[in-house]
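Input: a single structure, listed below in structure tokens.
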Amino acid sequence: MHRARPGTLCLAAVLWAVVATGTPAQETPRLDVRDVLERLDILGLGAEQVAALRAALREPETLNRLLDHLQERPFLNGILAPLNLDFSNLTAADSSVLALTYDWRKDLLFRSMETGARTVYGYHLTAVARGALTQRADRNPRDLIESGFSLNGFTSWGGVVAAPRALQLRMNQLEDQMAEAGSLAELEASPEYREFTRSLWGRLRPQSYLTLGLAGELEANQSWDRRQYVAGAALGFDLKVWNPESRAAAWNVVDWPAALLRYLLGSDHRVRPSGVAIPTLVLGIDRVDPANDSLRVALGEADPFYRFTAAVSYKSALAPLPGGQLYLEAALRYYREFAPAAVVEGAGLDASTFFTVSIAAPNGLYVAYSDGRLPLDEVHRKVYELGFRISF
Amino acid sequence: VAIWSTDVRACKTTWTTLLGLQQIRATFAAAGAIPMGQLAFWTGQDDTRAVRAQALALEMDQIFFLRGAAYEEGVDGAIAVAALVDMLLVETKVVAELAERADTLYDFLGESEGGGGPGDADA
């Protein structure tokens with residue numbers, strides 16, 4: 001069983017209250033760190049020191065490190081375990097805001113069966129919750145909160161070819177020797193590594209994974225004045241060419257720029273696209289009930305509508321670094337309403353696209369660029385991010 | 001804290017499996033501390049991350065069998081794959097914890113010959 005740290009939710013809430021202090025345009029009385037410190041006078045801090053403390057508390061790196069300490073506190077086990085939280089600065093053209101993003105996904109039920117040597121099928125029932133919260137809701141450039149359930153069937157075929165017992169024993173011997181390597185260069189130059197990878201990769205076949213499911217979700221913006229209920233069907237597809245020596249990997253044209261970067265960075269001795277970096281695709285058709293969407297209600301177009309959705313993600317390793325690898329990552333989300341009313345189309349609510357690309361190091365430092373808007377966000381933004389990410 | 005030792009077959013086989021699937025690129029000594037968020041399948045996009053994790057878990061399951069492993073008593077493919085997916089989808093879980101979980105699900109080839117589970121490493 002994995003360990004959960006729901007207590008982190010409590011600290012996250014406290015941290016969030018601290019971070020949000022002093023934010024203008026908020027009518028609700030708030031806890032202010034400076035007031036607390038000055039009134040209690042427990043530390044004898046001067047105004048400059050208090051200001052420095054407050055500034056430090058607003059840095060994503062500081063906040064994430066504080067959250068990270070909570071990993072040592074396994075308050076509860078179970079359902080909250082697959083929770084990821086990040087603090088980051090989101091910088092649009094007109095403002096910069098501190099954001100807390102969260103995502104949680106839990107398989108409540110999972111069943112699978114094998115129909116042959118390399119084909120598996122099954123189904124799973126899943127709960128999800130995800131979104132981004134910022135100091136000021138009206139400046140949230142990722143203003144979409146989603147919560148719901150899905151029931152998915154899946155099948156996977158391809159993958160591996162069985163190995164005889166003699167080869168299995170030989171691979172154990174090889175990995176015993178490989179495990180003693182003192183450096184990555186030593187490992188990858190060793191004859192044991194070459195023999196092992198040749199043996200393994202020679203038995204790997206392209207794997208195709210297909211999933212089809214039904215989902216129900218509540219979508220809302222942070223201020224909760226725009227809400228809509230969504231029911232739909234989604235088709236997901238993931239193809240991986242696990243053997244890097246396979247010619248099929250060369251067809252992954254999306255990865256050519258990354259392949260060139262790997263070559264230029266010296267992490268690969270030739271320009272070779274990766275079959276592991278083939279983008280993953282999820283397509284869907286949703287029925288959306290926008291009865292609680294204040295904007296659509298104001299337009300007089302609050303009847304349910306159908307929309308097409310697409311999500312694509314891509315990630316490719318650029319170079320090994322201590323603690324992991326330097327990665328290039330890109331993602332696209334697209335929404336388009338079928339047969340929108342003229343007033344909806346005129347208001348630009350019939351379609352939205354959100355694209356993001358980032359380069360991230362294993363120490364948590366990342367730079368990212370986002371362009372577009374999500375369905376309940378009223379403003380198209382270009383967002384530059386420089387952040388430090390630690391999740392728990 | 002999960003045990004990460006060359007004396008544990010589950011650790012070594014999990015490492016070489018992730019290495020072979022190009023999810024990590026690190027020595028055995030360094031691999032144990034690598035978090036799931038640093039594996040190649042992990043993506044910031046929630047919709048596709050789950051799809052990628054499930055595909056990877058199924059592939060790992062097949063490679064463990066290619067390497068001669070069998071399910072532990074009371075474990076079947078659904079239990080094993082679901083457990084691997086649960087581990088893969090926690091960004092801060094590390095490879096050592098994934099190996100520890102795999103050790104409870106699979107009887108790896110050679111486990112009982114000095115390359116056993118965490119209990120053996122402690123001995």
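Here the structure is a predicted model, which means the values were calculated and not measured. Below, read A as the first sequence line, B as the second, and so on, with proteins coming before strands; counting in each chain starts at 1.
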Which bit of [X] comes within less than 4.5 Å of chain B, counting heavy atoms only: side chain, backbone, both or neither?
X	answer
A/P322	neither
A/W201	side chain
A/L204	side chain
A/A310	neither
A/R165	side chain
A/L109	neither
A/V312	backbone
A/A317	neither
A/L184	both
A/S183	backbone
A/E186	neither
A/E180	side chain
A/Q207	side chain

Examine whether an atom of [X] lies under 4.5 Å from a heavy atom of chain A, and if so say whether it belongs to the side chain, the backbone or both; otherwise answer neither.
X	value
B/V94	neither
B/W42	both
B/A55	both
B/I79	neither
B/I24	backbone
B/A82	both

Next on the checklist: For the residue pair B/T48 / A/T280, report whether a side-chain donor-acceptor contact shorter than 3.5 Å exists.
Outcome noted: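 No, B/T48 and A/T280 have no side-chain donor paired with an acceptor closer than 3.5 Å.
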Can you tell me which of [options] forms the most heavy-atom pairs within a distance under 4.5 Å of chain A?
options	value
B/D47, B/T27, B/V81	B/D47
B/I34, B/T43, B/D61, B/T17	B/T43
B/P35, B/G68, B/A30, B/A33	B/G68
B/A78, B/A26, B/G77, B/G37	B/A78

Item to check | NZ/NE/NH1/NH2 to OD/OE distance under 4.0 Å, B/R49 and A/D103 | outcome: yes
Checklist entry - B/Y106 and B/Y71: aromatic ring centres closer than 6.0 Å? => result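 Aromatic pair counts; centres sit under 6.0 Å.
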Checklist entry - When the ring centroid of A/Y314 is compared with that of A/Y327, is the distance short of 6.0 Å? => result no
Checklist entry - Parallel under 30°, tilted from 30 to 60°, perpendicular over 60°: which one fits the rings of A/F154 and A/Y209? => result parallel
Next on the checklist: Evaluate B/T13 against A/M171 for side-chain contact (heavy atoms from CB on, under 4.5 Å), listing each step before the verdict.
Outcome noted: CA-CA 9 Å; B/T13 301; A/M171 292 176 83; over 6 Å; no
Next on the checklist: Rounded to the nearest 0.5 Å, what separates atom CD in B/Q45 from atom NZ in A/K315?
Outcome noted: 13.0 Å
Checklist entry - Between A/S267, A/G122, A/G284, A/P164, which has the largest tally of heavy atom pairs under 4.5 Å with chain B? => result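 The answer is A/S267.
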